[in-house]
There are 2 protein chains.
Amino acid sequence: MRILLVEDDAEVGRFVRKGLQEAGHTVEHAQNGRDGLFMAASEGFDLLVLDRMLPGGVDGVRLVETLRTQGNHTPVLFLSALAGVDERVKGLKAGGDDYLVKPFAFAELLARVEALGRRPAVDAPATRLRVADLELDLLSRTVTRGGKKIDIQPREFRLLEHLMRHAGQVVTRTMLLEKVWDYHFDPQTNVIDVHVSRLRQKLDKGFDKPLIHTVRNAGYMIRGEG
Amino acid sequence: MRILLVEDDAEVGRFVRKGLQEAGHTVEHAQNGRDGLFMAASEGFDLLVLDRMLPGGVDGVRLVETLRTQGNHTPVLFLSALAGVDERVKGLKAGGDDYLVKPFAFAELLARVEALGRRPAVDAPATRLRVADLELDLLSRTVTRGGKKIDIQPREFRLLEHLMRHAGQVVTRTMLLEKVWDYHFDPQTNVIDVHVSRLRQKLDKGFDKPLIHTVRNAGYMIRGEG
DNA sequence: CTTCCACCAGCAGGATGCGCATGGTGTGCT
DNA sequence: AGCACACCATGCGCATCCTGCTGGTGGAAG
């Protein structure tokens with residue numbers, strides 16, 4: 001795990017850093033909020049361990065708030081001598097994920113760090129799309145309907161993915177040419193029709209409710225019901 | 001948020017339940033570990049709030065451990081009168097995500113509950129593998145080294161994926177034949193050598209530190225340093 | 001030094017994916 | 001009814017691309 005430690009107290013900093021490293025983590029150490037914010041924003045850490053109070057304008061809470069407004073959702077563990085309930089609540093409300101009061105036992109810090117590390121990164125993109133009983137798994141490049149595996153070609157996959165990402169919406173032919181074929185002109189052929197047809201063979205044939213719907217003079221739409 | 005509260009103390013139970021509901025959450029309440037486990041396993045909750053000590057065989061830690069071995073990764077917040085560091089560490093190690101000691105301020109419980117609720121559902125599998133500056137993205141089927149995109153063939157992709165999933169370990173030729181080629185016999189050719197060679201061309205050529213290492217009479221290993 | 005193992009360049013067979021064309025079907029308008 | 005238009009389906013050929021093998025070379029181990 002790549003951990004950023006932001007702590008101005010040199011002694012505590014050394015202590016925590018050493019312990020985390022011995023537990024097998026990679027630790028970067030910033031001494032103040034400004035540097036910490038910069039590093040957290042520019043490098044990809046798995047976890048931030050922040051002192052709640054920091055010298056130099058940017059304290060822990062400000063740091064988290066700033067990161068969160070930038071769309072950075074790295075887990076944050078606060079470390080602080082401010083033990084009051086209000087302080088703890090403030091830290092968590094600001095977007096912190098945990099709050100540990102100094103003095104603390106290193107064993108507990110480590111346990112909490114690893115608890116946070118167990119949770120996945122938040123920017124994880126969706127890995128499977130679903131429309132009714134049709135599932136498309138982006139990871140294994142696999143399509144199933146009603147639990148039955150369906151073999152599918154790469155181009156068909158792209159087409160289906162695009163349709164499913166806009167499930168319930170009409171997708172125009174032009175959009176498909178742009179996004180699935182990377183054509184920026186009209187090929188004057190019926191490529192789309194052909195591939196939609198092939199998709200239908202594979203997805204809808206043998207099932208009572210078709211999922212792919214034609215929208216005359218507009219395009220296609222994938223939808224479960226309605 | 002759908003929250004399952006497992007708490008045997010009726011008073012505390014009522015208090016917490018009421019507070020969470022007033023904050024807009026849906027709360028189910030189980031009075032013992034057995035019921036709690038059953039409910040947690042059969043319904044889909046967003047969060048479990050567990051008393052650490054529970055009557056009737058199944059205590060909080062057991063409950064979490066059981067859930068985790070079942071592949072259930074619902075976030076867990078422990079609530080306990082056991083304040084010792086060892087106890088807290090034990091709870092977190094068992095798979096808990098947070099640990100709050102009784103007596104507690106409701107404001108803090110709420111803040112921690114909502115902090116846990118901010119984190120996403122967890123069944124997401126790893127979507128990218130990394131070894132040093134080499135990254136393999138399972139979703140886009142993309143390989144980059146040092147930020148530079150590298151074109152790669154399907155078979156090479158499978159080979160590389162398998163190596164990276166066992167980074168730092170020797171992967172034998174037999175294993176590769178089984179897992180990458182689905183051969184359950186020795187093809188008596190040097191297919192593997194050839195593909196490893198091709199991978200090397202693409203991954204290691206032009207970089208000073210090679211990542212793919214030969215282990216004579218054993219197999220191959222991918223590793224960043226050492 | 002010898003032997004074995006691993007590496008790499010080139011080659012050719014083969015699979016397969018892809019798009020086009022053709023003919024068919026349905027719908028709506030005149 | 002007749003026509004025009006939009007959409008559907010199948011077969012075919014092209015082309016690309018992948019993959020595995022061969023055979024000669026380099027280097028490590030004994």
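Keep in mind that this is a model prediction, so the values were computed, not measured.
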Note: contacts of residues 168-179 of chain A with DNA chain C (heavy atom, under 4.0 Å) are none
Between B/T214 and A/R155, the residue closer to the 5' end of DNA chain C by nearest nucleotide is B/T214
Do the side chains of A/F78 and A/V61 get nearer than 4.5 Å, heavy atoms only? yes
Sequence neighbours left out, what passes salt bridge (Lys or Arg N to Asp or Glu O under 4.0 Å) with B/E161? Give chain and number order. B/R165
Under a 4.0 Å heavy-atom cutoff, the residues of residues 191-199 of chain A touching DNA chain C are A/V191, A/V194, A/H195, A/R198
A/R200: partners by side-chain contact (heavy atoms from CB on, under 4.5 Å), with sequence neighbours left out: A/V196, A/D204, A/I212, A/T214, A/Y220
To the nearest Å, how far apart are B/D151 CG and D/dT16 P? 17 Å
Between B/Y183 and D/dT19, is there a contact of a side-chain N or O with OP1 or OP2 at under 4.0 Å? no
Closer than 4.0 Å, any side-chain N/O of B/W181 to the OP1 or OP2 of D/dG20? yes
Does the plane of the ring in B/Y183 sit parallel, tilted or perpendicular to the ring in B/W181? Use 30° and 60° as the thresholds. tilted
Please evaluate residues B/E178 and B/H184 with respect to the criterion side chain to side chain donor-acceptor pair (under 3.5 Å), reporting the C-alpha separation (whole Å), side-chain torsions for both, the decisive distance (0.1 Å), and the verdict. CA-CA 6 Å; B/E178 292 261 337; B/H184 299 278; 3.2 Å; yes
Quick one: does NZ or CZ of B/R145 land under 6.0 Å from the six-membered ring centre of B/F207, within 45 degrees of the ring axis? yes
Measure the distance from CG on A/N190 to P on D/dA9 and round it to the nearest whole Å. 12 Å
Computed from five pairs at either end and rounded to 10 degrees, the angle between the axes of the helix from C/dC1-D/dG30 to C/dT30-D/dA1 is 30°
Which residues share a side-chain hydrogen bond (donor to acceptor under 3.5 Å, both in side chains) with B/D208, sequence neighbours left out: none
Report the distance from atom CD of B/Q188 to atom C1' of D/dT22, rounded to the nearest whole Å. 15 Å
Heavy-atom check, side chain of A/V143 versus side chain of A/L134, under 4.5 Å: yes
Shorter than 3.5 Å, N or O on both sides, protein versus nucleotides 27-30 of chain D: list them out with atom names.
from   : atom 1 : to     : atom 2 : distance (Å)
D/dG27 : N2     : B/R216 : NH2    : 3.2

Is A/F157 touching bases, backbone alone, or none of the nucleic acid, heavy atoms closer than 4.0 Å? nothing
Classify the nucleic acid contact of A/P154 as base, sugar-phosphate or nothing, counting any heavy atom under 4.0 Å across all strands shown. sugar-phosphate
Not counting sequence neighbours, which residues clear ring pair (Phe, Tyr, Trp, His ring centres under 6.0 Å) with A/F106? List them please. A/F15
Partners meeting side-chain hydrogen bond (donor to acceptor under 3.5 Å, both in side chains) with B/D86 (sequence neighbours left out): none
Terminal contacting nucleotides, 5' and 3', DNA chain C versus chain B (heavy atom, 4.0 Å): C/dC5 to C/dG10
State, to 0.1 Å, how close A/L139 and B/R141 come at their nearest heavy-atom pair, and which atoms those are. O-NH2, 3.6 Å
Whichever of A/N217 and A/K205 has the more 5' nearest nucleotide on DNA chain D, that residue is A/N217
Looking only at atom types and distance, does a side-chain atom of B/R158 sit under 3.5 Å from a main-chain N or O of B/K179, one as donor and one as acceptor? yes
Does any pair with a residue in residues 132-163 of chain B pass ring pair (Phe, Tyr, Trp, His ring centres under 6.0 Å), and if so which ones, sequence neighbours excluded? B/H162-B/H166
Looking only at heavy atoms, what is the nearest atom pair of A/A30 and A/M39, with distance? CB-SD, 3.9 Å
Just to verify, what does B/H29 make a ring pair (Phe, Tyr, Trp, His ring centres under 6.0 Å) with, not counting sequence neighbours? none
If you measure from the Lys or Arg side-chain nitrogens to the Asp or Glu carboxylate oxygens, is any gap between A/D98 and B/R112 under 4.0 Å? yes
Name the closest nucleotide to the B/Q153 side chain, picking from D/dA9, D/dG20, D/dC18. D/dC18
